[in-house]
Amino acid sequence: MRRALGQLRSVGLIGAPFSKGQARDGVQLGPDLIRTAGLVHRLREQGCEVKDYGNLTFEDVSNDEPIGNTKSPRAVGRANQQLANAVQRVKSDGHTCVMLGGDHSLAIGSIHGHAACGSELSVVWVDAHADINTPLTTPTGNIHGQPMSYLIHELHTKIPVLPDFSWIKPCIAAKDIVYIGLRDVDPGEHYILKHLGIKTFSMTEVDRLGIAKVMEQTCDHIFSKVKKPIHLSYDIDALDPSVTPATGTPVVGGLTYREGVYITEHICQTGLLSAVDIVEVNPKQGRTEEEVRSTVNAAVDLVLSCFGRVREGSHQNDYKMPEP
């Protein structure tokens, strides 16, 4: 299957250096750090065509007062509208879109722009957190803990009016979502997930089933009727902090490096990966250069594995025994 992935090999890269969906400075540095670690070169080395669309430039929004408990709604709303338009452009150019964040509030624009290209999507959300609070259930008011709630048809009536959010139209059905890696879910989110019957694999399930079974069941679920393009939204904090410590809301007991990469390898092999988000790399949360490097390198490896990188070694078929 790995060699029949021609449609996956054209990558459109877009950077979204945005941090207003949460409180910690530094996450806006993620896109350039991931590029500096050699992402584009390494994608090309493994046979991908890559078009880098550069970074979006986000305007400062003055007087961005909270609405209720929800912080920075105008900045988040405008940034995501920009991103949605950019993702739509990348997709219409025929690429698999890779969005480098920034914080996870950016999934609003990334998924919305992807869905606007005309097809229904499956969403695989890999994260320590469910990010499905509504503005009415959020304990923090940070929109990076809410993006899914704005996108799901079944939650449309639960979302109050926010400034600069009127462009958002729900575009995902609850049955087309799978969560992997959950281990820090708020009470309101737990209720929403159960009420909507959303498929979830917490770390307890990952431990019980093993990651191979989790991915088998993930694909069984999202391919049960129609095979839809996959949007993979990957928060770097899904991995254990021993692997990716430089992130804003680390939670112990996460995916190992191997489990994290297995997810991307498996989705690559479906041939249906259509867009990827890699978010929440924050170098200012790393205590040492090594912690930052480990986090950034993991982010790069996850993207490479989305596009056919194999751990057996990519040149194993080129090897010849030396002459005696």
Side-chain angles (χ1 to χ4, degrees), residues 1-18 30-32 34-35 38-57 79-102 106-126 147 151 167-169 171-173 176-177 219 222-223 226-234 263-279 299-310 314:
M1 169 127 13
R2 280 192 177 104
R3 294 297 163 233
L5 295 175
Q7 75 273 31
L8 279 185
R9 296 307 176 106
S10 178
V11 181
L13 200 64
I14 189 147
F18 182 77
D32 286 342
I34 294 169
R35 284 192 185 90
L39 177 63
V40 173
H41 172 71
R42 292 178 66 189
L43 280 167
R44 286 178 177 148
E45 261 192 339
Q46 64 184 44
C48 299
E49 290 180 11
V50 184
K51 180 172 180 182
D52 190 344
Y53 288 76
N55 285 349
L56 295 172
T57 304
N80 273 292
Q81 189 168 19
Q82 260 182 276
L83 178 58
N85 292 336
V87 168
Q88 203 170 346
R89 186 168 70 250
V90 173
K91 289 305 301 171
S92 64
D93 287 347
H95 307 296
T96 301
C97 184
V98 175
M99 185 277 284
L100 306 176
L106 293 162
I108 298 169
S110 183
I111 293 173
H112 199 284
H114 189 184
C117 297
S119 61
E120 293 184 355
L121 304 176
S122 297
V123 175
V124 178
W125 192 278
V126 186
L151 298 166
W167 61 274
I168 300 170
K169 304 291 181 281
C171 54
I172 304 292
D176 294 326
I177 301 163
C219 289
I222 59 179
F223 300 151
V226 181
K227 290 193 173 185
K228 300 171 181 173
I230 296 172
H231 188 110
L232 173 62
S233 201
Y234 210 125
I263 293 167
T264 49
E265 290 174 341
H266 196 92
I267 289 176
C268 172
Q269 289 173 27
T270 67
L272 289 164
L273 181 62
S274 185
V276 185
D277 309 323
I278 297 283
V279 297
V300 171
D301 287 351
L302 291 172
V303 177
L304 295 177
S305 298
C306 285
F307 296 97
R309 172 181 176 261
V310 292
S314 55

Minimum heavy-atom distance between S119 and P229, given as atom pair plus value: OG-CG, 3.5 Å
Point-to-point distance, once rounded to the nearest 0.5 Å, from CG of L151 to CD1 of I177: 8.5 Å
R309 side chain vs Q46 backbone, donor-acceptor pair below 3.5 Å: no
Salt bridge (Lys or Arg N to Asp or Glu O under 4.0 Å) involving R42 - partner list, sequence neighbours excluded: D301
Separation between OG1 of T96 and CG of L232, rounded to the nearest 0.5 Å: 11.5 Å
Those residues that, when tested against E49, pass salt bridge (Lys or Arg N to Asp or Glu O under 4.0 Å) (two or more places apart): none
Nearest heavy-atom neighbours spanning L121 and A115: CD1-N, 3.7 Å
Inter-residue atom distance L83.CG - D277.CG, 0.5 Å rounding: 8.0 Å
Where G308 and C268 come nearest, the two heavy atoms and their spacing: N-SG, 3.4 Å
Minimum heavy-atom distance G101-L106, with the two atoms named: CA-CD1, 3.9 Å
Pairing residues for D93 by the salt bridge (Lys or Arg N to Asp or Glu O under 4.0 Å) criterion, not counting sequence neighbours: none
For T264, all residues meeting side chain to side chain donor-acceptor pair (under 3.5 Å), sequence neighbours excluded: none
Derivation and outcome, side-chain contact (heavy atoms from CB on, under 4.5 Å), residues V279 and M99: CA-CA 8 Å; V279 297; M99 185 277 284; 3.9 Å; yes
I111 vs W125 side-chain heavy atoms within contact, under 4.5 Å: yes
Gap between atom OG of S274 and atom CD1 of I267 - 0.5 Å precision: 12.5 Å
L39 side chain reached by L304 side chain, heavy atoms, under 4.5 Å: yes
Salt bridge (Lys or Arg N to Asp or Glu O under 4.0 Å) partners of K228, counting only residues at least two apart: E120, D176
Distance-minimising heavy-atom pair for S10 and H95: OG-ND1, 2.7 Å
Worked check of side-chain contact (heavy atoms from CB on, under 4.5 Å) between L100 and I14: CA-CA 6 Å; L100 306 176; I14 189 147; over 6 Å; no
Validation row: V124, H266 side chains within 4.5 angstrom (heavy atoms): no
Separation between CD1 of I278 and SG of C306, rounded to the nearest 0.5 Å: 6.0 Å
pair P17-D32: side-chain heavy atoms closer than 4.5 Å: no
Within-4.5 Å side-chain heavy-atom neighbours: L56 and F18: no
Close side-chain approach of T270 to C219, heavy-atom, < 4.5 Å: yes
A275: partners by side chain to side chain contact (heavy atoms under 4.5 Å, CB included), with sequence neighbours left out: C97, H114, H231
Side chain to side chain, H112 and K169, heavy atoms closer than 4.5 Å: yes
I230 side chain near F223 side chain, heavy-atom distance below 4.5 Å: yes
Which atom of G109 lies closest to which atom of N80, heavy atoms considered: N-OD1, 2.8 Å
